[in-house]
**Student:** 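Sharing a structure, written as structure tokens. Questions coming.
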Amino acid sequence: MGGLKRTHMCGALRPENVGQRVVLMGWVQKRRDHGGLIFVDLRDRSGLVQVVFSPDSSAESFAKAGGVRNEYVLAVEGKVVPRPEGTENSALPTGRIDVICYGLRILNRAKTPPFYIEDGIDVDENLRLRYRYLDLRRPEMQLTLEMRHRTVKAVRDYLDQKGFLEIETPMLTSSTPEGARDYLVPSRVNPGRFYALPQSPQLFKQILMVAGMDRYFQIVRCFRDEDLRADRQPEFTQIDMELSFVDVDDVISLTEEMVVRICSEAIGLKPELPFPRLSYQEAMDRYGSDKPDTRFGLELADISDVALNCGFKVFSSAAASGGLVKGINAKGCGGFSRKDIDDLTAFASIYKAKGLAYFIVTAEGVKSPIAKFFGPQEIDTILTRLDAREGDLLLFVADSPGVAYAALGALRVHLAERLNLIPENLFNFLWVTDFPLLDYDQEEQRFVAMHHPFTSPREEDLGLLESDPGNVRARAYDLVLNGIEVGGGSIRIHRRDIQEKMFKAIGFTPEEAVDKFGYMLEAFEYGTPPHGGIAFGLDRLVMLLAGRKTIRDVIPFPKTQSAACLMTGAPGPVDPVQLKELHIRTEVKQPRTAKQG
RNA sequence: GGAGCUGUGGUGUAGUGGUUAACAUGCCGGCCUGUCAAGCCGGAGACCGCGGGUUCAAGUCCCGUCAGCUCCGCCA
């Protein structure tokens, strides 16, 4: 840089700086060459400032500026001057001043970038990911990463203040049964043995409680080898916490305050406390989801009782065989065409709904292919249940509870989007509590932990653990924001006998339990305090606060849906020598690379 | 494992089975002393993701495949 030292950031200059000699370093956003006068918008992380090159102030710089192109890296020595009257740019924070250049150094040249370095670009995500360093130059990406930093800093400041210690846990750990697929790391010095990357530091943080650390937190990377979604990456970051001597309300109120602090420092928002709470059952009944979006209405109604005795076989048999008949009122959609309804039916079928029954509410009564199966009394009850008015479209699903909830829950969100019912800039936090402890897995023909196997049952349900496992409620809680789960936790089991019962309930033999979690059971015998905690999905939280639709936008170097990094080409093939050292042979002859095509 | 959408100059798009694949922007050159979506003039740049097939003729129709995205399953 030829001994030059930067004095200011580009975006920081204001009329107060007029008269100052400044040295700026940054990238060329745009050059406007007027022949006798050249304007260059110089950009750094802080913003843009207009640099003026004129032969009157420096003939040499003016000549050099003619050869400057977009994304060249410049060092500019100049003087801050007020803009001539009438040439101010109110769209720019620095728009009332210019920097007149007296000395220009071209620190580096740049090829023409493959896409525009600006906000709101509409470009193939392939390109953005391949040239991520250019994508990240865009102001909105830089602001998002700054917001992520503010979030993390707010968490650290808050938890430090509350007496938490930030403690690290291993990345190379052991694979555990249950849960997601593990990422495995072969051990060179232990042939045939593997570490697993942590799906979460769950066991370690509990052990830290046994160790008397009292309050722990960690901003920690977690790994799950499952298929990707807009809000799921194979590696993601959790704000992970655990506290001793607490109950559900303690964890909830402590983290509520933290969330408020995050919102305030990241985006200047002050959500009202306490956040609403909903039981799992109520969330399912009203919204068909355990992570309901409460920014709009369209709640579900249950008509299983009416359906049970009606003449429509599809309804009555669903209701009679333990299923549900539920409906949703698509307000004002009575004018939907046959095709519109077919589309909604197709949408519901994604969630395994076998069909979508409908009522169109008109002044003359209900128009529906299935109206004839209902008496006037029954129709009246249904209309009342769904709060139906003339011009409404009522949609019904009759199926197993799982399918009815899923299909209508998704339909509810789908309709809200289509009808533009979702207000912008609304942040609806809410707790979902009282989850079932266990969930029956049809495929495996056994109960599995809904949260994880270390979640404590509610005391009053303890007796059901053996007699009626499906109805045991957990001391678990999820934090939901605008229909997305951003956090979840529980009070843990801290007694060996209960932990053993839990393992038994999910089908572990005592030998398996000891084999996989013996150290944990043993630790429980050395004075384990009651404890509980929570983990937040940092990426999702920042995504929502930043108003983005995918966590890829808040992760500097994300993976594609096929878990590849388009910039580095990971995962890539490795030298056979490396494999040999690791005592590994693969079945694949010619590995596909991520960059083909 | 499955369903859907997308793929055409650098970028974003248009393109009814039929001539030399069109437009905008960017890029390159020239002119231009107050622009900030600068302006004006000129120029280069795509064998239409890849591979087959149908056809006298394919960017367009069919099959396969690759990549990206969205979703179902999966994600304690």
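All values derive from a computational prediction rather than experimental measurement. Numbers restart at 1 for each chain; the letters A, B, ... are given by sequence-line order, proteins then strands. All values below come from the heavy atoms of this structure, side chains included, with hydrogens, waters and symmetry mates left out.
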**Student:** Reckon A:Leu127 touches a base, only the sugar-phosphate, or nothing at all at heavy-atom distances under 4.0 Å?
**Tutor:**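 Sugar-phosphate: the residue A:Leu127, judged by heavy atoms under 4.0 Å, touches backbone atoms but no base.
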**Student:** Ring centres of A:Phe39 and A:Phe53 under 6.0 Å apart?
**Tutor:**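 No - the distance between ring centres of A:Phe39 and A:Phe53 does not fall below the 6.0 Å cut-off.
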**Student:** Considering only the P atoms, how many Å lie between B:G18 and B:C74, rounded to the nearest integer?
**Tutor:**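 Pairwise P distance, B:G18 against B:C74, rounds to 47 Å.
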**Student:** Would a 4.5 Å heavy-atom cut-off, applied to side chains only, mark A:Leu538 and A:Gln238 as touching?
**Tutor:**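 Sidechains of A:Gln238 and A:Leu538: no contact.
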**Student:** In the strands shown, is B:A46 matched to any nucleotide by a Watson-Crick or G-U wobble pair with both distances under 3.5 Å, and which?
**Tutor:**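 WC or wobble partner does not exist here.
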**Student:** With side chains defined as the heavy atoms from C-beta onward, is the minimum distance between A:Gln233 and A:Ile551 less than 4.5 Å?
**Tutor:**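 The answer is yes, as the side chains (C-beta and beyond) meet within the 4.5 Å cut-off.
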**Student:** For the C1' atoms, the ones on B:G45 and on B:G2, what distance do you get once it is rounded to whole angstrom?
**Tutor:**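 Approximately 41 Å lies between the C1' atom of B:G45 and that of B:G2.
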**Student:** Who does B:A38 pair with, Watson-Crick or G-U, both distances under 3.5 Å?
**Tutor:**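 With both distances under 3.5 Å required, B:A38 matches none.
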**Student:** Would you say that A:Ile506 contacts A:Glu178 through its side chain, given a criterion of any heavy-atom pair below 4.5 Å between the two side chains?
**Tutor:**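 SC-SC contact between A:Ile506 and A:Glu178 confirmed.
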**Student:** Tell me the interatomic distance from A:Glu226, atom CD, to B:G1, atom C1', rounded to whole angstroms.
**Tutor:**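 Spelled out: CD on A:Glu226 to C1' on B:G1 is 13 Å.
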**Student:** A:Arg109 versus A:Arg69: any side-chain heavy-atom pair under 4.5 Å?
**Tutor:**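 The answer is no; the side chains never approach within 4.5 Å.
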**Student:** Determine, for nucleotides 29-45 of chain B in 5'-to-3' order, which nucleotides have protein heavy atoms under 4.0 Å from the base (write B), from only the sugar-phosphate (write S), or from neither (write -).
**Tutor:** S--BBBBB-B-------
**Student:** B:C75 P sits how many Å from A:Glu178 CD, rounded?
**Tutor:**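 My rounded result for the distance is 10 Å.
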**Student:** Atom CG of A:Asp441 to atom P of B:G73: distance rounded to whole Å?
**Tutor:**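 After rounding, the gap between these two atoms is 13 Å.
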**Student:** Tell which nucleotide pairs with B:A22, taking only Watson-Crick or G-U wobble pairs whose two distances are both under 3.5 angstrom.
**Tutor:**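 Its partner is B:U13.
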**Student:** Looking only at side-chain N and O atoms, does A:Gln218 offer a donor or acceptor that is under 3.5 Å from a partner on A:Tyr216?
**Tutor:**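 Indeed, the side chains of A:Tyr216 and A:Gln218 share at least one donor-acceptor pair under 3.5 Å.
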**Student:** Write down the distance between CG (A:Asp182) and C1' (B:C75), rounded to a whole number of angstrom.
**Tutor:**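 After rounding, the reported distance stands at 12 Å.
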**Student:** Write down the distance separating the P atoms in B:A3 and B:G59, rounded off to the nearest Å.
**Tutor:**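 Looking at atom P only, B:A3 and B:G59 are 28 Å apart.
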**Student:** Given the structure, check if the side chain of A:Tyr116 and the base of B:G10 hold any donor-acceptor pair shorter than 3.5 Å.
**Tutor:**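 Such a pair is found, so the answer is yes.
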**Student:** In whole Å, measure the gap between the C1' atoms of B:U70 and B:C63 for me.
**Tutor:**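 These two C1' atoms come out 25 Å apart once rounded.
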**Student:** Tell me the partner of B:A67, counting only Watson-Crick (N1-N3 plus N6-O4 or O6-N4) or G-U wobble (N1-O2 and O6-N3) with both under 3.5 Å; none if nothing fits.
**Tutor:**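 Because both required distances fall under 3.5 Å, B:A67 counts as paired with B:U6.
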**Student:** Could you give the distance from CG (A:Asp33) to CZ (A:Phe62), rounded to the nearest 0.5 Å?
**Tutor:**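 Taking CG in A:Asp33 and CZ in A:Phe62, the distance rounds to 6.5 Å.
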**Student:** Between B:C75 and B:C66, how far apart are the two C1' atoms, rounded to whole Å?
**Tutor:**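 Looking at atom C1' only, B:C75 and B:C66 are 26 Å apart.
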**Student:** P atom, B:U60 versus B:G17: distance in rounded Å?
**Tutor:**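 Per the computed distance, 11 Å lies between those P atoms.
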**Student:** Can you confirm whether A:Gln206 sits close enough to A:Arg492 that some side-chain heavy atom of one is under 4.5 Å from a side-chain heavy atom of the other?
**Tutor:**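 When only atoms from C-beta onward are counted, A:Arg492 and A:Gln206 do touch, with a gap below 4.5 Å.
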**Student:** With P as the reference atom in both, quote the distance from B:G7 to B:G12 in angstrom, rounded to an integer.
**Tutor:**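 The same atom, P, in both gives a distance of 11 Å.
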**Student:** RNA chain B: A:Val123 or A:Asn70, which has the more 5' nearest nucleotide?
**Tutor:**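 That would be A:Val123.
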**Student:** Does any nucleotide pair with B:C61 by Watson-Crick or G-U wobble geometry, both distances under 3.5 Å, and what is it?
**Tutor:**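 Base-paired to B:G53.
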**Student:** Output a table of nitrogen or oxygen pairs between the protein and nucleotides 70-72 of chain B separated by less than 3.5 Å.
**Tutor:**
residue : atom : partner  : partner atom : Å
B:U70   : OP1  : A:Arg552 : NH1          : 3.1
B:U70   : OP1  : A:Arg552 : NH2          : 3.0
B:U70   : OP2  : A:Arg552 : NH1          : 3.3
B:U70   : O4   : A:Gln561 : OE1          : 3.2
B:C71   : OP2  : A:Ala230 : N            : 3.2
B:C72   : OP2  : A:Arg229 : NE           : 2.9
B:C72   : O2'  : A:Lys352 : NZ           : 3.1

**Student:** Measure the distance from OH on A:Tyr131 to P on B:G68 and round it to the nearest whole Å.
**Tutor:**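 Rounded to the whole Å, the gap is 16 Å.
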**Student:** Going by atom types only, do A:Gln281 and A:Asp434 share a side-chain donor-acceptor pair under 3.5 Å?
**Tutor:**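 Result is no, nothing qualifies.
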**Student:** Take the protein atom CZ of A:Arg224 and the nucleotide atom P of B:C75, then report the distance between them rounded to whole Å.
**Tutor:**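 Taking CZ of A:Arg224 and P of B:C75, I get 10 Å after rounding.
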**Student:** Take the protein atom CG of A:Asn126 and the nucleotide atom P of B:G10, then report the distance between them rounded to whole Å.
**Tutor:**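 Taking atom P of B:G10 as the reference, CG of A:Asn126 is at 15 Å.
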**Student:** Between A:Ser562 and B:G68, is there a contact of a side-chain N or O with OP1 or OP2 at under 4.0 Å?
**Tutor:**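 Yes.
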**Student:** Whether the A:Gln50 and A:Arg32 side chains hold a donor-acceptor pair (N or O, under 3.5 Å, no angle test) is what I'd like checked.
**Tutor:**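 Per modelled atom types, A:Gln50 and A:Arg32 side chains form a pair under 3.5 Å.
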**Student:** Tell me the interatomic distance from A:Ile117, atom CD1, to B:U25, atom P, rounded to whole angstroms.
**Tutor:**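 Nearest whole value for this atom pair: 20 Å.
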**Student:** So what does A:Thr176 touch, heavy atoms closer than 4.0 Å: a base, only the sugar-phosphate, or nothing?
**Tutor:**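 The residue A:Thr176 makes no contact with any strand.
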**Student:** Tell me which nucleotide, if any, is Watson-Crick or G-U wobble paired with B:C74 when both distances must be under 3.5 Å.
**Tutor:**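 Pair assignment: B:C74 / none.
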**Student:** Please measure how far the P atom in B:G43 lies from the corresponding atom in B:G52, and state the result in whole Å.
**Tutor:**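 Nearest-Å result for B:G43 against B:G52 at atom P: 37 Å.
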**Student:** With the side chain counted from C-beta on, respond yes when A:Lys501 and A:Phe503 share a heavy-atom pair under 4.5 Å apart, and no when they do not.
**Tutor:**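 The answer is no, as the side chains (C-beta and beyond) never meet within the 4.5 Å cut-off.
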